[in-house]
Amino acid sequence: MKQFFKSHAILFSMLAVLIGCLIYPNQADAKTYQTQDNYIGGGGCSVVISNNKVYYSITETGRIFCYDIKTKKTKTIAKASGKGFGSLRKKGNYLYAVYDNYGGSDGSDEYIVRVSIKTGKKTKLARGRNFVFAGKKIYYTKTQHIKTGDVEYDKTIGTYSMSLTGKNKKKAKSVVLNTERDGRTPIKTSKGSLTSRGKTIGSLYFPQAIDYTTSKGKKTEIYNVLKDKNASSTSTIQYYTLQGDYIVYKKCDKNGFSKLILVKKNGKGSKVLYSAPSVSGW
């Protein structure tokens with residue numbers, strides 16, 4: 001009799017494990033994507049560099065700009081109301097972004113959109129944020145817009161996939177989107193890496209210098225707040241990205257102006273892409 005109960009207890013345990021695996025997929029088997037794949041921080045801006053074009057959004061302006069490295073000219077690609085565009089990515093002749101239609105600072109109304117580089121036309125693909133490309137798919141965090149009285153916000157539903165045109169939306173059960181990235185983590189490419197140095201206060205890390213290191217080990221200091229006589233003593237580097245042969249970072253001077261800077265990996269050819277008084281969102 002004891003052997004009977006023992007054998008059945010083992011059987012029930014095996015069935016429980018099997019059912020648990022079916023109901024709750026093993027996270028170890030899930031495909032993980034880093035949404036901040038080539039940049040650190042936010043700072044109210046986002047940058048995509050493709051060939052000789054630098055596409056960048058400044059959230060507070062509601063605009064996406066394009067700077068031509070060869071002609072040294074800047075033009076507006078798209079403009080919209082609300083808080084504007086963030087998390088820029090490029091695919092073919094389109095820029096993809098998270099567009100927040102909410103006008104205030106105490107809520108959100110976010111969509112993933114596709115913007116034509118040629119015409120500036122904005123197409124809403126899905127409610128959501130935190131997206132990445134994976135082949136011909138987009139994985140993103142699906143949201144539901146909640147409006148209660150004067151309060152509006154976006155509730156997280158889960159990770160979903162869709163086509164590049166916003167079709168075939170499906171729940172992505174085996175995909176995890178990693179939306180956070182430690183500022184001390186290097187941004188790596190096949191040719192080199194971009195790293196930061198800074199200070200840590202409690203659990204918070206504040207980048208104060210960025211260095212580019214080639215694959216052969218040659219290091220170049222790109223920018224250092226502590227060596228910048230025009231920088232505020234409390235300044236940090238709020239955003240930086242490494243793409244191709246260029247680095248873009250955001251700094252703030254002691255006069256209260258924030259600037260988005262484009263520079264080559266060797267530290268030469270510095271160009272101010274955008275400069276404006278530091279305000280909420282910039």
Margin query: Taking atom NZ as the centre, does Lys136 end up with more than 12 heavy-atom neighbours from other residues, nucleotides or ligands that are less than 6.0 angstrom away?
Written below: no

Notebook entry, point to check: Can you find a side-chain donor-acceptor pair between Lys155 and Gln144 that sits under 3.5 Å?
Noted result: no

Checklist line | Flag for Arg181-Thr35: side-chain donor and acceptor within less than 3.5 Å | finding: no

Next item on the list: Return yes if a side-chain donor-acceptor contact under 3.5 Å exists between Ser196 and Tyr240, otherwise no.
Entry: yes

Check: Under the salt bridge (Lys or Arg N to Asp or Glu O under 4.0 Å) criterion, do Glu221 and Arg197 qualify, and how do the steps go?
Finding: CA-CA 10 Å; Glu221 184 176 78; Arg197 290 172 281 127; 2.8 Å; yes

Next item on the list: Say whether Tyr205 and Arg184, considering side chains only, have a donor N or O and an acceptor N or O under 3.5 Å apart.
Entry: no

Next item on the list: Measure the OG1-NZ distance between Thr59 and Lys83 for me, rounded to the nearest 0.5 Å.
Entry: 9.5 Å

Check: Considering residues, nucleotides and ligands other than Asp182, do more than 12 of their heavy atoms fall under 6.0 Å from its CG?
Finding: yes

Item checked: Distance-only donor-acceptor check, side chains Gln243 and Thr241, under 3.5 Å -> yes

Next item on the list: Kindly indicate whether a cation-pi arrangement holds for Lys142 with Tyr160, taking the cut-offs as under 6.0 Å to the six-membered ring centre and within 45° of the axis.
Entry: yes

Notebook entry, point to check: Do the two ring centres, one from Tyr33 and one from Tyr139, sit under 6.0 Å apart?
Noted result: yes

Checklist line | Residue pair Asp37 / Gln34, side-chain donor-acceptor N/O under 3.5 Å | finding: no

Item checked: Check: Thr220/Asn266 side-chain N/O donor and acceptor closer than 3.5 Å -> no

Checklist line | Centroid-centroid under 6.0 Å between Tyr96 and Phe133 rings | finding: yes

